Amino acid sequence: MTARPPAAARRPPASDRSTLAVLASGTGSILEAMIAAGLEVAVVVVDRPCPAEERATDAGVPVERVGRDDFGPGFDREAYTARVVDTLRCHRVGTVAMAGFGTVLGPGMFVAFPRRVLNTHPALLPAFKGWHAVRAALEAGVAVTGCTVHLATEEVDDGPILAQRPVEVLPSDTETSLHERIKSVERELYPQTIRRFLEGELP
Ligand code: GAR
């Protein structure tokens, strides 16, 4: 008879806090900057077909598409969140960085990864929350906006701020030109802040 291995050896390895996943839905330029900065990304999760998938594949990073087929009022956010959490668990993820992820995740995400979900937002939070932060800053006529890296919570674009950088608004700015300048700052600030977070320098 073959002896069974002890229970501890049969259990799947626990997730490692430094095992990083990135959630994206857009062009993936922030994701690309993370990879270029040398962050080891274990998996990229997308919610729809998007250029970020290709950027991840080109960099040799596994991609999981947890496709969202319902963008209407009947969207079952909790069920979708559970699918994302399961996918992350399969990859033994310990820390999650959202980089332009287009789906608001439900409370289950923050129960599964307490204080381990980061987000980058193209405004100086708490100003201009939401998906149209750059347009809102232009419409408000502010002279300075910027970007914020924060710990994500159930409340959208809320949670403890880890880092911020200002970006000047120019009189000639359009939403696209201003967002591009903000993103060039995010591409530096986010990877730096994630690294500090993973190394335990930040709470
Ligand atoms: C970034 O500006 C990020 O802050 C924003 O999406 C962009 C992603 O750029 N996220 C949000 O607005 C979330 N509220 P990318 O697709 O080029 O990486």
Side-chain angles (χ1 to χ4, degrees), residues 20-39 41 43-59 61 63-66 68 71 75 77 80-81 84 96-106 109-110 113 117-140 142 144-170 173-195 197:
L20 178 67
V22 177
L23 269 50
S25 307
T27 68
S29 76
I30 309 277
L31 162 71
E32 191 171 64
M34 289 179 198
I35 295 168
L39 287 173
V41 180
V43 62
V44 171
V45 176
V46 300
D47 60 356
R48 66 197 78 188
C50 58
E53 284 182 308
E54 218 173 282
R55 298 221 196 204
T57 306
D58 288 350
V61 176
V63 182
E64 298 273 11
R65 189 190 300 163
V66 183
R68 172 176 172 181
F71 287 83
F75 175 55
R77 198 169 303 283
Y80 181 81
T81 300
V84 171
V96 181
M98 296 198 284
F101 192 59
T103 297
V104 173
L105 294 169
M109 180 70 185
F110 306 97
F113 297 97
V117 184
L118 286 81
N119 184 41
T120 179
H121 182 75
L124 294 174
L125 291 174
F128 308 122
K129 296 181 176 184
W131 198 248
H132 300 291
V134 180
R135 191 185 309 164
L138 272 178
E139 283 170 1
V142 293
V144 175
T145 181
C147 56
T148 303
V149 178
H150 66 103
L151 284 180
T153 63
E154 254 179 84
E155 292 297 319
V156 177
D157 298 329
D158 207 79
I161 290 173
L162 302 178
Q164 284 187 310
R165 286 257 186 95
V167 173
E168 195 187 343
V169 180
L170 305 176
D173 263 329
T174 61
E175 186 178 350
T176 307
S177 67
L178 179 56
H179 198 177
E180 212 28 70
R181 270 203 328 289
I182 294 171
K183 286 211 281 186
S184 69
V185 177
E186 291 183 280
R187 291 194 273 265
E188 208 183 292
L189 185 66
Y190 202 24
Q192 265 174 27
T193 309
I194 293 169
R195 187 179 299 286
F197 183 80

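Order of listing sets the numbers, starting from 1, for every ligand and every atom in it. The model shown is predicted, which means the values in this text are computed figures rather than measured ones.
Taking every non-hydrogen atom of Glu186 and a distance limit under 4.0 Å, the qualifying atoms of ligand 1 come out as 1 (C), 2 (O), 3 (C), 4 (O). Near Asp157, with a cut-off below 4.0 Å to any heavy atom, the atoms of ligand 1 are 14 (N). Atoms of ligand 1 found under 4.0 Å from any heavy atom of Gly26 (numbered from 1 in listed order, with element): 16 (O). Each of the atoms 9 (O), 15 (P), 18 (O) of ligand 1 lies under 4.0 Å from some heavy atom of Ile30. Each of the following atoms of ligand 1 lies closer than 4.0 Å to a heavy atom of Thr120: 3 (C), 4 (O), 10 (N). Ligand-side atoms of ligand 1 in range of Gly100: 6 (O), 8 (C), 10 (N), range being under 4.0 angstrom from any heavy atom. Those atoms of ligand 1 with a heavy atom of His121 less than 4.0 angstrom away are 4 (O), 14 (N).
Although no hydrogens or angles enter the test, the distance criterion places no donor-acceptor pair under 3.5 Å between the side chain of Arg68 and the main chain of Phe75.
Contact annotation: for Phe101 versus ligand 1, there are no heavy atoms closer than 4.0 Å. When non-hydrogen atoms are compared, ligand 1 lies under 4.0 Å from neither the backbone nor the side chain of Val156.
When only non-hydrogen protein atoms are considered, atom 5 (C) of ligand 1 lies nearest to Pro122 CD, 3.9 Å. Here the protein heavy atom with the shortest distance to atom 13 (C) of ligand 1 is Trp131 CZ3, 3.5 Å. Ranking the protein heavy atoms by distance from atom 15 (P) of ligand 1 puts Thr27 OG1, 3.3 Å first.
Between His179 and ligand 1, at least one N/O pair is under 3.5 Å apart. When only interatomic distances are considered, the shortest N/O to N/O separation between Gly28 and ligand 1 falls below 3.5 Å. For a threshold of 3.5 Å applied to N or O pairs, the pair formed by Leu31 and ligand 1 contains no separation below that value. On a distance-only criterion, Ser29 and ligand 1 share at least one N/O pair closer than 3.5 Å.
Here the side chains of Leu105 and Leu23 are in contact, with some heavy-atom distance below 4.5 Å. Using a 4.5 Å heavy-atom threshold, the side chains of Arg55 and Ser29 count as touching. Side chains of Arg77 and Val104 form a contact here, defined as non-hydrogen atoms less than 4.5 Å apart.
The distance from atom OG1 of Thr153 to atom CE of Met109, rounded to the nearest 0.5 Å, is 12.0 Å. A distance of 11.0 Å separates CZ of Arg165 from CD of Glu186, quoted to the nearest 0.5 Å. With rounding to the nearest 0.5 Å, the separation of NZ in Lys183 from OH in Tyr190 is 14.0 Å.
Of the charged side-chain nitrogens involved, none lies within less than 4.0 Å of a carboxylate oxygen, so that Glu155 and Lys129 do not count as a salt-bridged pair.
Heavy atoms of other residues, nucleotides or ligands lying less than 6.0 angstrom from CD of Gln192 number more than 12.
Checked options Val22, Thr120, Leu189, Leu118; the residue passing with Ile194 is Leu118 (criterion: side chain to side chain contact (heavy atoms under 4.5 Å, CB included)).
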